[in-house]
Amino acid sequence: MGYIIETRGITKRFGGLTAVDNVSMGVNAGEVVAILGDNGAGKSTLIKMISGVHKPDEGAILLDGKPMKLESPMDALANGIETIYQDLALAENLNVSSNIFLGREKTKRSLGMFNVLDHEYMQQESRSVLDRLEIEIPSLKNTIRTLSGGQRQAVAISRSIYWQAKVLIMDEPTAALGIAEQKKVLDLVKSLKTQGIGIIIISHQMYDVFEVADRIIVMRRGQNVATRLVSETTPDEIVGLIVGSETVKR
Amino acid sequence: MPRPQMPHDTPTPFVQTRTGKLLGRHWALFFLLGMMAIFAFTGPGFFEVVNFQNIIHLATISILLAVAETFVIITGGIDLSVGFVMGLSSTLAARIMVTLGSTGMGEPMLIVLGTLAGLLVAFIPGFISGTLVARFKVPPFIATLGMWGICNGITLHLCDGFLPIAGLPSVLPRLGNGYLFYIHKGQSFTLFKKPDYIPDERVRELIRLVPFSFILIAAVVLVFWYILHKSKFGQHTYAIGGNIDAAIRAGIDVDRHLVKIYMLSAFLAGLAGVFNVFQTGIGNYTTFSSMYELFAVAAVVIGGASLLGGKGRIVGSMVGVLVLAVLKNGLAISGVQPFVRYIAVGVLLTLAVIIDQLFPDLF
Amino acid sequence: MNTLVAQRKRNTLGTIGRNWVLVFLVLEFGYFAILTRGFASLNIVQMILFYGTEAFLLATAELFVIITGGIDLSVGYVLGFATVISSKLMVVFASRGLSPLGAIVTSILITLCVGLIPGFVNGVLVAKLRVPPFIATFSMLGVCQGVSELLMQGIPAKNLPPLAGTIGNGHFLYIVPGSGISFMQRPDVARGVRVIEIIPNAVVFALVFIAIFAFILTKTRFGQHIYAIGGNIDAASRAGIDVKKHIIGVYMISSFFASLAGIIYVMKYITGKADAGAASLLDAIAAVVIGGASMFGGSGTVWRTILGCLVIATLETGLRMRGTPTFDKYILVGVILIFTVVIERFFPDFKR
Ligand SMILES: Nc1ncnc2c1ncn2[C@@H]1O[C@H](COP(=O)(O)OP(=O)(O)OP(=O)(O)O)[C@@H](O)[C@H]1O
Ligand SMILES: [Mg+2]
């Protein structure tokens, strides 16, 4: 089975700094791939290229084996690639349902000629997707500004699972969450996986990774230094690879 | 003013080259020189000492305001009130001289008191803007726009509506427009004053060198260059503009520093206002269409500062002022309609920033 | 029990707080009504609206830009540019034998199209070339000023079709008590017969456009996206919103409204000049900020912006009626402007 999403030798430079250096990787449908690496290793930059935020300087991104032109985040979204960003990327001045539907607002005809926002529909749908996550948010009319870190994260996650994604990218999805919420997110990842979605997850929590991932990719200074099946490795080995004491590439 | 950051921030590689960097860093200077070269051909009398002297003398106010704006902009702020603080100082100084003059006070005393009042009053709007920005977290744009309105209103009170204040000691314009050296070719040479045998109408026959305004400009630029680039105060100014949180954590009293910055800015505006009285011999309110503050900001930005803060230099700002002043003078001498200058300034300013964008981390 | 009372009290306070501009406006109007005879009358209210029309439009222009976190310094001179273009065109078309109405309508349509250009250029500079809005729009200010002055050559346009003034200073509805009403057309009545004039045409014209764009801002995706861009531009772009297109659109809306204001100016004062809007920048920005928008973007509504305009317009008319120097207005607007922001600092609940 071919990768559902794949990068081939992609590179990204910021001025003199090579943030991502010739990285090839791929994810199968129904597989969870974890990307690990120290701060600044280039994890976020790698996934931002897959989600169309940054344009790679070199290399190609393939969707279902076909090279894909990613000019903007719009193209990624249109191709079923959903992303939860590390900084969440929510508009703090807008309310919960507006954020869940941001960029893909549901409209309805008004007076037979204008397309106006269908807030009612969006609120209902938001409520049901949030319920799936079982995360308590008092009112969907509250702006993001008034929410806690965990609630914000829930909104960001709901935002991306609402749209039937083929590929889901999560950049440190559990970072701001309490223990119970972390567990919910991990359960969610497992259930999404059974639906055949390809998932890329970035996390510094070794426990999370070993709990949900099938495969681990270790990045160091922008490079993909190792790929391991979870069933064939140990947290110790991974830590070694991250800090650079083990450099064997299998 | 927060600026939307556009996605895909990839710098163009060509600017990484040595020549590219040199050009990019000093483009305003090169532009100034290039412009002067062109005007040397198109404008009769452009390339003469007397004309250059004139350009700088007439740019005194812009220079003072640009120095003021440089400090504020480096902290990431903006001072929209400078033009109207200047008007306030100008009219107050003039009003005091007129009022005290009617009591029969001697001229030297009048001038000293008027000047002092004009300079001191400027600290008030500066203190208020600074306090609003620093302690009440009012965005600088709003705080100084508010002071803009307030100073303008008070100024218009001082000059009874829209009437410049006249009837000041006649020695003022002679001081403000005086020169250090007067040379009557082959006949005489005097310091500070034209030779007495030449009547006012024939003053153009003299070669006059080094206007008094140069002394003021030199002093201000030197002092503030020193403060910005050589003192702790200057260092902290950059630190605040670069990253205000880091500056706070580094133990800088950011609030106090900001208040000082806005007071400094207003003081320079006041100095410009008082100088304006000396230069014109009357107290002038600031008209809406003069837009001193916007031109000062423009000069500072052309000089390489960023409105996001943390970046800017006194010398750069001076080059910025000169670019605008030479442009104005050169176009006028070349017989171009004055209105074209507005367009030219606009186009130039935008170009400045676009060029600056191509060279992201030069300073 | 006590907490309930306290809570209710807080709610009332909160409501007043959130609507303090409205409360302030009412108090302000009351103040002038008590001090000035004849202030609380239909005529004065209409006068406030009539003289405030350009300000409403400019403030709406500024609001759209400010919501995205930008600023448009050029609105005043785009207004001037529009007055010059439209007045020149009216004169030209009228002299070429077009009917007065034809000349006026054609000129307006052309001006509205031409008036989009400054906004388009601003938008492209800001969105595509990443020029800070302050610089881009200040440059545009200079260009508009220069071009208008060049077109005008120092002489404000004269000999406009008189119909322009009739429409611009006319009213939407005329009531002759006891004998009838008439739309748009001043009834022919003998001198001395009282005609009640209702709603100046200029105000109707302006409000129609303002209402349409208020609708766009609150009800459509475009409006929603503008708020999102102002709130978090990265989030907006990662959500697939074409940020650049929206920013260009917003600056075009801004210069469209500034041009509308210019047209109204011409129709009201039957002349056009480059600096017609030179003094209105402060008022426009102040109205938006008094109306509760943040200069950092992401907030602000048309309705509250109009309230902000009314605060200023009432002040101006009130001072004029009282014979106080009108430049006191600048002081008071400055004070109110600062006051607004300080209030919202101290009472964050007041923030809408
Ligand atoms: N927009 C940008 N402009 C310039 N440099 C950037 C940009 N984004 C990231 N970088 C740099 O690229 C490198 C990789 O950053 P990245 O965010 O991908 O790291 P990361 O692996 O996600 O780290 P963390 O675990 O801290 O999130 C860093 O050195 C960072 O400073
Ligand atoms: Mg990261």
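In what follows, chains carry the letters A, B, and so on, assigned in the order in which the sequence lines appear, proteins first and then strands, with residues in each chain numbered from 1.
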Which atoms of [X] approach chain C - backbone, side chain, both or neither, heavy atom under 4.5 Å:
X: A:Phe101; result: neither
X: A:Thr107; result: side chain
X: A:Asp118; result: neither
X: A:Leu90; result: backbone

Could you tell me the separation between the [atom1] atom of [X] and the [atom2] atom of [Y], rounded to the nearest 0.5 Å?
X: C:Ser299; Y: A:Arg145; atom1: OG; atom2: CZ; result: 7.0 Å
X: A:Ser72; Y: C:Arg238; atom1: OG; atom2: CZ; result: 13.0 Å
X: A:Met74; Y: C:Asp242; atom1: CE; atom2: CG; result: 4.5 Å

Taking every heavy-atom pair that is under 4.5 Å apart, which of A:Asn115, A:Leu117, A:Thr143, A:Val116 has the most such pairs with chain C?
A:Leu117

Best-contacting candidate, A:Asp75, A:Leu77, A:Leu102, against chain C by heavy atom pairs under 4.5 angstrom:
A:Leu102

Suppose we screen for ring-ring contact (aromatic ring centres under 6.0 Å, His included). Which residues come up paired with A:His119, at least two apart in sequence or across chains?
none

Would you call C:Asp234 and A:Lys48 a salt bridge, taking side-chain N to carboxylate O under 4.0 Å as the test?
no

Determine the minimum heavy-atom distance between [X] and [Y], stating which atoms define it.
X: A:Asn93; Y: C:Tyr227; value: ND2-O, 2.9 Å
X: C:Gly240; Y: A:Pro73; value: N-CB, 4.3 Å
X: A:Gly103; Y: C:Ile241; value: CA-CG1, 3.8 Å

More than 12 foreign heavy atoms under 6.0 Å from [atom1] of [X]: is that the case here?
X: A:Glu120; atom1: CD; result: no
X: A:Trp163; atom1: CH2; result: yes
X: A:Arg127; atom1: CZ; result: yes

Heavy atoms under 4.5 Å from chain A: which residues of residues 214-224 of chain C carry them?
C:Phe215, C:Thr218, C:Lys219, C:Thr220, C:Arg221, C:Gln224

